[in-house]
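Data first, discussion second: the structure below is written as structure tokens.
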Amino acid sequence: MARPTRMQTNGHPPPVLDRREAVPALIERPRDFLVVAGLAGAAQELTAITEDSPLNFPLGGAMGAAVTMALGLALAQPKRRVLCVTGDGELLMNLGSLATVAAMNPPNLTIVCVDNCRYGETGNQETHTGMGVRLDVIAEGSGIPVVFTVNTADDLPEGRRLVSEGGGLAFILLRVKEGPALRTKRRFEPSRVRDRFRAALLGVE
Amino acid sequence: MAGDEHDLEPWQHALYDQLRDAGVTQFAYVPDAGHRILIDRSIADPDVHSVALTTEEEGVAMLAGADLGGARGVLLMQSSGAGNCPNMLSMTVGGRFPFLTLISMRGDFGEGNPWQFPMGQATQRVLEAMGLIVMRIDRPEDVRPVVAAALTMAFQSGFAIAVLLGQRLIGAKKF
């Protein structure tokens, strides 16, 4: 049976941004943050734009972990800003995490969802956002106080301001075209990434 | 705390104090009658973060994030919730994150709801299959020493530990 078309755009314009330019344009100073990066493109990109910062934890599995992992980190480190960068597929795996994080409302956490409507880790299959599901509306309905959608280059300055200034829990949906992410060599051994992160932040493993 | 409640359920209150004394500052939970006292005390405690989850696996990820930030946490869940966690535990075990969960059992001693048996009876094996070390408590006098051992194994040795609180200890739900 053909897929219903009712939801296919749902008020969003078609995506026009190239993630390889839009992600670094949105996150100007990635090394100012403690970072949790979701699977696939997000993990690649944050490793690339932080120049493999030890204070970046890129996920290579445990799909659906990014937002609540960032929550635990933000609660543990109230004086640091925490940035969670994930993709639409990773977030869709655990939409309830938006409700959990909104209920806690940590003021030092910013969530960026790079939405390319694709499961990048598994062969670029379409996700539900490609079928019309709106993660910005879900974030808003979850109670996240600041939600902003970046559709075009004109929206980037406001998104960039929200990321750099912080000032409360925020969710930014960055809508991008299908296409490659910035690529770099990812560290895949999670215990080494964990130890490196703790050594850099806490001085202990 | 009301004195009456303290007298009726002293081990739950002592358990909360024991977790706090061990430096636990993040309590993640899916609401459950078996953990009511721990959850209520964490909500009332201004020095901890009490985090209501929509599904237990969120707590697994959250506690890994807590560890990255140098904090200690505990996941409070029912045995049915253990079934929601295995893939997320890939990060815990693969990343050698310290991890402690206290699990109130269902589908166990005296259970009156047949729906609870499949997951309750599989809980220990499911967690062990993911590489957790599982200990079980059925008597109030064992709570303190077993939890002390679990805290050391998790936060000093860095292993992933589950402590099952049996229905013989917490009481079977009445239907």
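Lettering of chains follows the sequences in order, A, B, ..., and the numbering in each one begins at 1. FYI, side chains are in, hydrogens and waters are out, and symmetry mates aren't considered; it's all heavy atoms of this structure.
- Against chain A, the residues from residues 68-105 of chain B that qualify, each with a non-hydrogen atom under 4.5 angstrom away, are B:Leu68, B:Gly69, B:Gly70, B:Ala71, B:Asn87, B:Met88, B:Met91, B:Gly94, B:Gly95, B:Arg96, B:Phe97, B:Pro98 in number order.
- One N or O on the side chain of B:Gln26 and one on the backbone of A:Gly72 form a donor-acceptor pair closer than 3.5 Å.
- Applying side chain to side chain contact (heavy atoms under 4.5 Å, CB included) to A:Leu71 and the options B:Glu58, B:His49, B:Met62 leaves one that passes, B:Met62.
- Of all the heavy atoms in A:Ser97 and B:Thr54, the pair that sits closest is N-OG1, 4.3 Å.
- A:Ala76 and B:Ala66 get closest at one heavy-atom pair: CB-O, 3.8 Å.
- Neither the backbone nor the side chain of B:Thr25 has a heavy atom closer than 4.5 Å to any heavy atom of chain A.
- For A:Arg29, the CZ atom counts as loosely surrounded, since its 6.0 Å shell holds 12 or fewer non-hydrogen atoms of other residues, nucleotides or ligands.
- Using a 4.5 Å cut-off between heavy atoms, A:Leu59 touches chain B through its side chain atoms alone.
- The contact between B:Ala64 and chain A is made by backbone and side chain atoms together, counting heavy-atom distances below 4.5 Å.
- Contacts with chain B were tallied for A:Leu75, A:Leu202, A:Leu201; A:Leu75 has the most, counting heavy-atom pairs under 4.5 Å.
- Under a cut-off of 6.0 angstrom, the local environment of CZ in A:Arg81 is crowded, with over 12 non-hydrogen atoms contributed by other residues, nucleotides or ligands.
- Around the CD atom of A:Glu51, the shell of radius 6.0 Å holds no more than 12 heavy atoms that belong to other residues, nucleotides or ligands.
- Counting heavy-atom neighbours within 6.0 Å of A:Arg161 CZ, excluding the residue itself, gives a total above 12.
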